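Heads up: the structure comes next, in structure tokens.
The structure displayed is predicted, hence computed values, not measured ones. In what follows, chains carry the letters A, B, and so on, assigned in the order in which the sequence lines appear, proteins first and then strands, with residues in each chain numbered from 1.
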Amino acid sequence: VHTESGLEYLENRSLLSELKIIWAIIKKNFKIEVRYPLNFLTYTVIPLSTIVSIVHNVFDALTFGPSQGFTEYTGIVDYIAYAVISFNIWRFFLSIFQGTRQQIRREQTQGTLEVAYTTPVRRWVFTAGLCLSDFFTFLPSIFALALSSYMMGVRLNMTFPRVLMTLLIFFIGLIGNLGVELIYASTIIRYKEPGAIDMFMIHPMIYYTGAGYTVAALPLTSRIVSYLLPLTYTFDGLRWAMLGTKTLFPMHIEIALLVLVSGLFLAMGIVLVRRFERAVLLKDGFGSY
Amino acid sequence: VDDNDGAPKNNLRVLYAVVKRDLLTWPRYPMWLISVTVAQLFWSLIYVGTYSMYTGPSGDSPTLFESFTGTTNYAAFVFLGYIISRFMSGSIWSIAYAMRWEQQMGTLESNFLSPTPPWMFILGTSISHTIESSISAIMVLVLGWLTTGMYLQTSEALPVLVIILLVMGASFGIGLFFAGIVMLYKEVGAIISFFIYLQVAFSGFSFAIAAIPALWRPLAGIFPATWAIDGIRAVLLYHQSLQNLVPIVTNLLTIDLVLIVSGWFLFKRFVRITKQGGGLGAY
């Protein structure tokens with residue numbers, strides 16, 4: 001029965017069917033999260049840690065205070081809103097990183113990764129489902145985060161064109177970040193220990209993409225790396241759309257660059273998932289952890 | 001089963017075995033070395049990047065930081081803060097999740113059937129983590145010096161060892177409490193990270209406590225990391241005398257005692273509830 005349904009799937013495979021698979025994986029992992037109500041409540045419904053981190057960012061901003069230098073770089077004076085919005089944006093994209101680590105490692109340690117890989121589903125589609133799981137689990141937290149930001153005095157530019165641009169940049173950034181995630185996921189499958197890979201990839205990524213500051217403030221050598229990453233344009237574009245900050249390049253060029261690097265990372269991620277999968281199969285198999 | 005024959009000597013052997021096991025496990029994953037050096041370096045550099053934004057394109061636009069702290073050496077300020085913060089966060093995660101890991105692997109039940117007191121496993125994890133964090137801290141400071149040119153006052157650095165020891169004690173106490181919670185509720189990552197984020201947010205590792213609203217400042221004082229960061233900065237950044245360190249060490253010692261005693265008591269209680277409910281083997 002398994003083989004027949006597998007063949008049927010292979011014959012009728014389409015973008016929609018693959019999106020359905022991604023959705024099924026997301027749903028399965030969402031149900032697992034809900035299984036631990038205390039954890040779900042404090043992670044998703046009222047994300048306590050995230051709210052505390054926003055407060056931390058406000059404390060950082062208060063330490064530096066309003067400065068001429070800040071206004072010269074960003075074009076705005078509201079440094080608290082800058083800190084709060086930057087952190088909120090970063091937190092949503094971070095959830096994709098965390099999801100990748102958590103979900104893949106969970107499948108590995110529980111021995112289900114091997115079983116999942118024997119299904120006729122394309123490996124990168126399966127991996128994409130795992131990567132996006134935590135992002136969707138974390139999505140409902142947007143209400144609590146918006147409310148807490150509002151209470152901290154943050155007011156956004158809510159004109160229709162700006163809201164539209166926010167959604168557009170967010171969506172393209174999501175695709176670009178998925179590409180980065182597939183690269184990250186393939187390294188976890190290959191090298192196992194996510195904690196180490198996590199720090200190796202996430203921390204430099206936050207530094208180079210300017211999650212909490214404009215990359216214009218980085219040294220030139222760092223900026224060269226920054227311009228190659230989709231999240232740099234995502235963060236910069238989203239801050240422009242929500243707060244009206246200065247951008248690194250004119251907005252239309254920035255969006256073009258975002259589309260370009262997002263596409264490149266997605267393609268690179270798909271290729272790497274395949275390559276590392278082969279390397280794992282030749283070495284010790286998916287069953288090893 | 002509850003008797004621990006030849007207790008102290010055997011317990012020390014167990015402690016040694018746990019530490020050895022942990023120290024052997026880390027190098028098993030080659031990327032560990034990168035995670036304790038390069039990754040840590042970047043985490044501190046993120047804050048240096050934020051400071052650079054506030055100092056403007058010229059790099060010398062004044063900020064409030066200088067008036068709050070009396071120094072322009074923000075790189076050293078944040079690197080020292082981060083090392084202590086990471087030390088404590090890592091310890092608490094390692095200790096609490098050592099139990100969760102054993103639960104998921106199915107080895108917790110057998111460990112608890114052995115005559116070794118369960119807290120001994122936790123102490124072992126705490127010691128091994130202290131060793132790992134100390135190695136990491138030295139490497140990160142060297143890398144920080146190479147990348148940012150920050151400078152530290154290292155001529156009389158011996159009191160740092162006392163602070164590290166006290167940090168280990170506090171982490172052990174908090175870790176004991178969370179290990180008990182893990183036993184009881186299994187998946188409590190969100191609660192642990194809430195506590196860790198709370199400590200990170202209020203301990204002032206990247207900001208000056210004086211900068212935050214007065215209403216919040218007393219909260220900072222209840223976290224051991226706040227005092228430890230203060231202590232390590234007093235030695236390595238401000239080069240203060242031993243006499244100035246006494247209040248910091250006294251506060252830290254008091255917090256340690258409270259945390260270890262209450263952590264040990266709560267851990268025992270949670271373990272007993274878990275055992276009575278038959279939840280030891282469940283995950």
Side-chain angles (χ1 to χ4, degrees), chain A residues 35-36 38-44 47-53 55-74 79 83 102 109-110 187 191-193 195-208 210-219 222, chain B residues 26 28-36 38-43 45-65 67-69 101 104-105 185-191 193-198 200-202 204-213 216:
Chain A
R35 197 175 171 288
Y36 302 100
L38 183 67
N39 205 50
F40 183 72
L41 179 76
T42 51
Y43 177 73
T44 297
L48 295 175
S49 311
T50 308
I51 294 169
V52 169
S53 292
V55 172
H56 178 192
N57 274 263
V58 172
F59 289 170
D60 282 341
L62 287 170
T63 297
F64 303 129
S67 76
Q68 183 65 32
F70 172 81
T71 308
E72 282 172 28
Y73 267 132
T74 62
Y79 62 104
Q102 192 171 321
T109 51
Q110 292 180 351
T187 49
Y191 297 104
K192 323 292 183 205
E193 178 52 41
I197 303 165
D198 209 41
M199 291 180 176
F200 178 52
M201 286 197 68
I202 291 180
H203 293 187
M205 184 71 78
I206 300 168
Y207 171 73
Y208 286 115
Y213 47 82
T214 169
V215 296
L218 294 179
S222 299
Chain B
W26 289 323
R28 161 82 179 74
Y29 301 99
M31 290 189 96
W32 164 78
L33 191 65
I34 296 167
S35 91
V36 297
V38 180
Q40 311 295 331
L41 169 77
F42 274 102
W43 192 246
L45 286 179
I46 290 162
Y47 292 92
V48 177
T50 309
Y51 180 63
S52 300
M53 179 175 69
Y54 280 85
T55 56
S58 63
D60 54 13
S61 176
T63 73
L64 292 180
F65 170 75
S67 49
F68 280 129
T69 61
W101 184 247
Q104 288 182 324
M105 303 284 283
Y185 295 106
K186 321 296 178 202
E187 193 60 55
V188 289
I191 297 287
S193 61
F194 172 59
F195 173 80
I196 286 172
Y197 278 62
L198 206 61
V200 167
F202 285 91
F205 94 83
S206 57
F207 59 85
I209 301 284
I212 69 176
W216 295 98

Note to self: Under 4.5 Å from any heavy atom of chain B, what part of A:Y79 do you find: side chain, backbone, both or neither?
What the structure shows: both

Margin query: So which residue, A:A211, A:S49, A:A61, A:A217, ends up with the most heavy-atom pairs under 4.5 Å with chain B?
Written below: A:S49

Next item on the list: I would like to know whether B:F68 and B:F207 meet ring pair (Phe, Tyr, Trp, His ring centres under 6.0 Å); could you show each step before the answer?
Entry: CA-CA 9 Å; B:F68 280 129; B:F207 59 85; over 10 Å; no

Note to self: List the residues meeting side chain to side chain contact (heavy atoms under 4.5 Å, CB included) with B:A201, not counting sequence neighbours, and say none if there are none.
What the structure shows: A:V52, A:H56

Note to self: Going by the rule side-chain hydrogen bond (donor to acceptor under 3.5 Å, both in side chains), which residues pair with B:Y51 if we only count those two or more places apart in sequence or in a different chain?
What the structure shows: B:E66

Margin query: Using modelled atom types and a 3.5 Å cut-off, is there a donor and acceptor pairing between side-chain atoms of A:T214 and backbone atoms of A:G210?
Written below: no

Check: Between B:L41, B:L45, B:L64, B:T63, which shows the greatest number of heavy-atom pairs under 4.5 Å with chain A?
Finding: B:L64

Next item on the list: Side chain from CB out, backbone as N, CA, C, O: work out which of these in B:S61 comes under 4.5 Å of a heavy atom of chain A, or both, or neither.
Entry: side chain

Item checked: A:T50 vs B:Y197 side-chain heavy atoms within contact, under 4.5 Å -> no

Next item on the list: Please state whether the side chain, the backbone, both or neither of A:T74 comes within less than 4.5 Å of a heavy atom of chain B.
Entry: side chain

Notebook entry, point to check: Checking heavy atoms, do the side chain of B:V48, its backbone, both or neither come under 4.5 Å from chain A?
Noted result: neither

Next item on the list: Give the member of A:S222, A:G212, A:A216, A:S53 that has the highest number of heavy-atom pairs under 4.5 Å with chain B.
Entry: A:S53

Next item on the list: Classify the ring geometry between B:F65 and A:F64 as parallel (under 30°), tilted (30 to 60°) or perpendicular (over 60°).
Entry: tilted

Next item on the list: With a 4.5 angstrom heavy-atom cut-off, could you sort out which part of B:S52 is near chain A: side chain, backbone, both or neither?
Entry: both

